[in-house]
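Supplied in structure tokens, the structure appears directly below.
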Amino acid sequence: MTLRTDYCGRLGVDDVDRRVTVCGWVASRREHSEHLAFVDLRDHTGVVQCVVDHAHDLRSEYVLRITGSVRRRPEGTVNPNIPTGEIELHDCDVEVLSTAEPPPFPVTDRTDADETIRLKYRYVDLRRPRMQRNLRLRAKVNSAIRRSFEDQGFVEVETPLLMVSTPEGSRDFVVPSRLKQGSFYALPQSPQLFKQLLMVGGTDRYYQIARLARDEDLRADRQLEFTQLDAEASFVDQDDVLEFVSESVAAATEAVTGERPALPMATMTWEDAAERFGSDKPDTRFGMELVELTPVFAGTEARAFQAPCIKGILVEGEGDIGRNRLDTLTDLAKQFGAKGLAWFRVRDAELEGQLTKFLSDDEQTKLREAVGARPGDLILAVADERRLVRTVLGRLRLELGRPPVYEGGLNYIWVVDFPLFEGVDDAGRPIPAHHPFTMPHPDDLEKMESDPLSVRSQAYDLVVNGWELGSGSVRIHRADIQQRVFSLLGIDPEEAQARFGFLLDAFRYGAPPHAGFAFGIDRLVAILAGEDNIREVIAFPKTQSGADPLTGAPAPIDQKQLDELGLRVLPPKS
RNA sequence: GGUCCUGUGGUGCAGUUUGGAGUGCACGCCGGCCUGUCAAGCCGGAGGUCGCGGGUUCAAAUCCCGUCAGGACCGCCA
């Protein structure tokens, strides 16, 4: 026996003449006189209007239980703006279950209060329809993902929350051990090593909706703790992984939007993404692609263009851009590492810009043709090392043309054939682009030692609207290849044993070929919910400085707790 | 670690450029009136450490320095 018979927002004309009981919060009170008042009662399904004859003591956000009779509203008083606008509850018995202080901010979707206050009073904020919608949308996504993986034969396995700290990757959140003072657990940045162990353990197909933590600085799309769909499968290749992940993402999308994305999802090589979009997470919702200009200026007199690589982008209709804006863009380009930014305002017969006097007529004509410029357009170009040119222009492209992340549909795209290494460190050693267990591309194995930077890997990212949703790879399961990668990275056998010994040991006992993936559920849900910030789809998120205004975390702990852990806190640096 | 933006009754904002009385708008709150509203309406009222500290000045919400908090971004996030 529950306190209610119905939910507010679900009542309609079909319920006319029923005597119903609803529970909820006072969304608004419109008091006409001592003997006529309207109370809108809100629960997570919506609001329903209750005609109450004495409402003076029913204030905003009071928690009420109202029993009343459903009737059609009198002629001329129907409210077409709300789903329950055709009916109302009359002849109401009102029970005050709980009184309430006036809320710190309006509990509506119409205005947004300051986020600190919203987070401090998150329990009030969550009453807003938008937040309830986001929570429920997220639950739908989780459930669709689970169903999809279950249907594809994956088994859910939980992995430890307290694990050993490994030096790779992001900074670990660390938990002191009381039983072994001076030793620490780490919260998982990823279940990576455990899921590979599960493959060695014969699990065949594993998935998990995993909570993870990384002690790095926050962003609109990054929290200290976050949620990922994590999956791994044995005896599969890259295409299999793309297929089962695509299937689950499609199922989640369909559960929310009602529309199933076309499968298979588009793929693009990393090289293509870098060349055309200057990014490994290309936003393909708009054009403004990077145009190769190196041949155009092969023999140029212009010093600024005497560089290994020149690329440009066409900004349509911005030929009248002001000097201020150009200076801002130039500053941005420099911030991204460029030496400068070349710009050309496209006029009818000529180009206007700081470099035109150094360019031949032929070069100017070819430049216009190469980018497809028309009078009134703007051309931006960067000359430098290829890698730098790509990223600088890629970022300028986003700065100039990128719509909000949730606009223009869902552009899922797989980026494949990532390089195995993304440059070299100070000691000249290659830096792994993914992680050191990533399988090189079979066609490139020959080049591993001779030209490591050109070796592709069997690593792949899923990107949507310029957001990296997730990444994965085929893993190395052969000791000889693993050994070659380690030695390229300068990790000798002893060190490898010290760092990943338990995984390498496991592989000695029969490792199946395996591959996997993980994608961020916070990001997926945010985009599906039309939010550009993942905090809006997390019930209790943290601020950019990692604080929770509601609970006060992080906070100092008692001396007694420190003593038990054998810890001493240093005085703050001055 | 860095760059930029923001901080003004409970909420959202204007006022800061060009210093001159806490000056204004909307919502909310309290009281009153009001029998068909729906962000009800009308009348009245209360409510302020202009984030905090210091400086300049006859005078600071406004200018300067520092600091705290929030946000966007760079670095960082294999």
Side-chain angles (χ1 to χ4, degrees), chain A residues 27-42 47-56 59-61 73-82 84-86 88 90 101-121 124-125 166-172 189-190 192-193 212-224 226 328 331-332 334-337 391 395 398-399 418 420-423 425 430-438 457 459 468 471 473 485 489 499-500 518 520 532-533 535 542-547 549 573:
Chain A
S28 95
R29 177 196 60 163
R30 297 177 292 279
E31 196 184 9
H32 280 258
S33 74
E34 201 182 335
H35 295 296
L36 177 66
F38 301 98
V39 167
D40 287 346
L41 199 66
R42 176 189 63 237
V47 296
V48 67
Q49 171 167 291
C50 306
V51 186
V52 176
D53 67 10
H54 182 83
H56 190 69
R59 301 306 169 102
S60 278
E61 302 305 317
R73 292 198 188 181
E75 188 124 359
T77 65
V78 166
N79 182 354
N81 300 318
I82 60 172
T84 59
E86 284 188 81
E88 63 188 8
H90 74 115
E101 291 178 25
F105 50 85
V107 187
T108 70
D109 287 345
R110 276 190 298 277
T111 57
D112 246 343
D114 180 84
E115 208 177 333
T116 321
I117 300 172
R118 288 179 56 205
L119 291 182
K120 180 168 181 185
Y121 301 93
V124 175
D125 192 42
T166 54
E168 271 58 47
S170 55
R171 191 178 297 120
D172 276 326
Q189 308 168 15
S190 145
Q192 183 61 40
L193 299 171
L212 308 171
R214 293 177 185 172
D215 191 4
E216 299 288 351
D217 289 357
L218 292 79
R219 289 286 192 281
D221 60 353
R222 290 190 338 221
Q223 283 271 301
L224 296 179
F226 55 101
T328 306
D331 285 346
L332 264 176
K334 286 180 178 167
Q335 202 183 320
F336 297 147
T391 59
R395 287 180 178 210
L398 293 178
E399 175 72 21
F418 269 64
L420 189 61
F421 305 109
E422 57 171 15
D425 63 17
I431 305 163
H434 193 53
H435 57 59
F437 315 112
T438 303
S457 69
E468 182 191 323
S471 60
S473 63
V485 171
L489 296 175
R499 285 159 74 171
F500 322 105
D532 58 10
N533 191 311
R535 293 188 297 272
K542 300 201 172 23
T543 67
Q544 199 165 60
S545 59
K573 287 176 215 149

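Every chain is numbered from 1 and lettered A, B, ... according to where its sequence line falls, protein lines coming before strand lines.
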Nearest whole Å is fine: how far is B/C77 P from A/Gln192 CD? 17 Å
Return the nearest nucleotide to the side chain of A/Arg535; candidates are B/A69, B/C77, B/G71. B/G71
Quickly work out the A/Leu212 CG to B/C77 P distance and round it to whole Å. 17 Å
Between A/Ser28 and A/Arg42, is any pair of side-chain heavy atoms under 4.5 Å apart? no
Within a strict 4.5 Å, meaning less than it, do heavy atoms of the A/Arg30 and A/Gln49 side chains meet? yes
Span that lies between the C1' atom of B/C27 and that of B/A40, in whole angstrom: 14 Å
Whole angstrom value for the distance that separates C1' of B/G71 from CG of A/Asp532: 12 Å
Side-chain N or O of A/Ser545 less than 4.0 angstrom from OP1 or OP2 on B/G70? yes
Can any side-chain N or O of A/Arg171 pair as donor or acceptor with the backbone N or O of A/Asp215 at less than 3.5 Å? yes
Look at all strands and tell whether A/Ala433 reaches a base, only sugar-phosphate, or nothing, counting heavy atoms closer than 4.0 Å. sugar-phosphate
Could a donor-acceptor pair under 3.5 angstrom be found where the side chain of A/Arg219 meets the base of B/G71? no
Please name the nucleotide paired to B/A59 by Watson-Crick or G-U wobble geometry with both distances under 3.5 Å, or report none. none
Under-3.5 Å donor-acceptor pair between A/Glu75 side chain and B/G36 base: no
When you measure from the side chain of A/Pro102, which nucleotide among B/C73, B/G70, B/C29 comes out closest? B/C29
Please list each protein N or O that sits under 3.5 Å from an N or O in nucleotides 66-68 of chain B, with the distance.
none

Which base sits across from B/A46 as a Watson-Crick or G-U pair, both distances under 3.5 Å? none
Side chain of A/Leu36 only, please: which of B/U35, B/A72, B/G70 is the nearest? B/U35
Using only modelled atom types and a 3.5 angstrom limit, is any donor from either the side chain of A/Arg395 or the base of B/C73 paired with an acceptor on the other? no
Roughly how many Å is it from CG in A/Asp172 to P in B/C77, rounded to a whole number? 13 Å
Counting any heavy atom closer than 4.0 Å, what does A/Pro74 reach on the DNA or RNA strands: base, sugar-phosphate only, or nothing? base
Please determine, for B/U35, whether a Watson-Crick or G-U wobble partner exists with both distances under 3.5 Å, and give it or none. none
Under 4.0 Å from OP1 or OP2 of B/A72: is there any side-chain N or O of A/Asn533 that close? yes
If pairing requires Watson-Crick or G-U wobble contacts with both distances under 3.5 Å, which nucleotide is the partner of B/U67? B/G51
Using atom C1' of each nucleotide, how far apart are B/U8 and B/A61 to the nearest Å? 7 Å
With side-chain contact (heavy atoms from CB on, under 4.5 Å) as the test, would you mind laying out the steps for A/Asp112 and A/Phe105 before giving the verdict? CA-CA 9 Å; A/Asp112 246 343; A/Phe105 50 85; over 6 Å; no
When the P atoms of B/G47 and B/U3 are considered, how many whole Å apart are they? 43 Å
Pair A/Glu31-A/His56, side-chain donor/acceptor within less than 3.5 Å: yes
Rounding to the closest angstrom, what is the interatomic distance between B/A26 and B/G66 at atom P? 39 Å
Report yes or no: does A/Gln189 contribute a side-chain atom to a donor-acceptor pair with the main-chain N or O of A/Ser170 at less than 3.5 Å? yes
Taking the side chain as every heavy atom from C-beta outward, state whether A/Val485 and A/Phe437 have any pair of such atoms under 4.5 Å apart. no
Considering only atom P, compute the distance from B/G45 to B/G55 and round it to an integer number of Å. 40 Å
Surrounding CZ of A/Phe336 (heavy atoms of other residues, nucleotides or ligands, distance under 6.0 Å), is the total greater than 12? yes
Rounding to a whole Å, what distance do you find between A/Ile431:CD1 and B/C76:C1'? 14 Å
How far, in whole Å, is B/G28 from B/A21 if one measures between their C1' atoms? 27 Å
Which part of the nucleic acid does A/Val78 contact within heavy-atom distance under 4.0 Å: base, sugar-phosphate only, or nothing? base
Atom P, compared across B/G24 and B/G9: separation rounded to whole Å: 15 Å
Hey, are A/Glu216 and A/Arg222 close enough for a salt bridge, meaning a charged N less than 4.0 Å from a carboxylate O? no
Quick check: any donor-acceptor pair below 3.5 Å linking the side-chain of A/Arg214 to the base of B/C77? no
What's the closest nucleotide to the A/His56 side chain, out of B/A39, B/G31, B/G36? B/G31
OP1 or OP2 of B/G71 less than 4.0 angstrom from a side-chain nitrogen or oxygen of A/Arg118, does that happen here? no
Between A/Arg171 and B/G75, is there a contact of a side-chain N or O with OP1 or OP2 at under 4.0 Å? no
A/Leu224 side chain near A/Leu218 side chain, heavy-atom distance below 4.5 Å: yes
With nearest nucleotide decided by heavy atoms, which residue, A/Gln335 or A/Gln189, maps closer to the 5′ end of RNA chain B? A/Gln335
So, do A/Thr438 and A/Pro432 sit near enough that their side-chain heavy atoms are less than 4.5 Å apart? no
Please name the nucleotide paired to B/U11 by Watson-Crick or G-U wobble geometry with both distances under 3.5 Å, or report none. B/A26
Going by purine N1 to pyrimidine N3 plus the second Watson-Crick contact, or the G-U wobble pair, all under 3.5 Å, which nucleotide sits opposite B/U3? B/A72
Do A/Arg73 and A/Asn79 have side chains that get closer than 4.5 Å, going by heavy atoms? yes
Trace of the side-chain contact (heavy atoms from CB on, under 4.5 Å) decision for A/Asp221 with A/Glu468: CA-CA 10 Å; A/Asp221 60 353; A/Glu468 182 191 323; over 6 Å; no
Would you check if the side chain of A/Ser457 reaches a backbone N or O of A/Phe418 as a donor-acceptor pair within less than 3.5 Å? yes
Do nucleotides 40-47 of chain B as a string where each nucleotide becomes B, S or -: B if the base has a protein heavy atom under 4.0 Å, S if just the sugar-phosphate does, - if no protein is that close. B-------
With sugar-phosphate meaning primed atoms plus P, OP1 and OP2, does A/Thr77 contact a base, only sugar-phosphate, or nothing at under 4.0 Å between heavy atoms? base
5' to 3', nucleotides 8-16 of chain B under a 4.0 Å protein heavy-atom cut-off (B base, S sugar-phosphate only, - none) gives --SSS----
With C1' as the reference atom in both, quote the distance from B/U56 to B/C64 in angstrom, rounded to an integer. 7 Å
Rounded off to whole Å, could you give me the CD-to-C1' distance for the A/Glu61 and B/A39 pair? 14 Å
Among B/C77, B/C76, B/G70, the nucleotide that comes nearest once only the side chain of A/Asp217 is considered: B/C76
Measure CG/A/Leu398 against C1'/B/C73 and give the value in whole Å, please. 13 Å
To the nearest angstrom, how far is A/Arg42 atom CZ from B/A39 atom P? 14 Å
Between the side-chain atoms of A/Arg73 and the base atoms of B/C38, is any donor-acceptor pair under 3.5 Å? yes
Is there a side-chain contact between A/Arg29 and A/Val52 (heavy atoms, below 4.5 Å)? no
Within the pair A/Ser60 and B/G28, is there a side-chain N or O less than 4.0 Å away from OP1 or OP2? no
Any side-chain heavy-atom pair of A/Glu115 and A/Pro549 under 4.5 Å: no
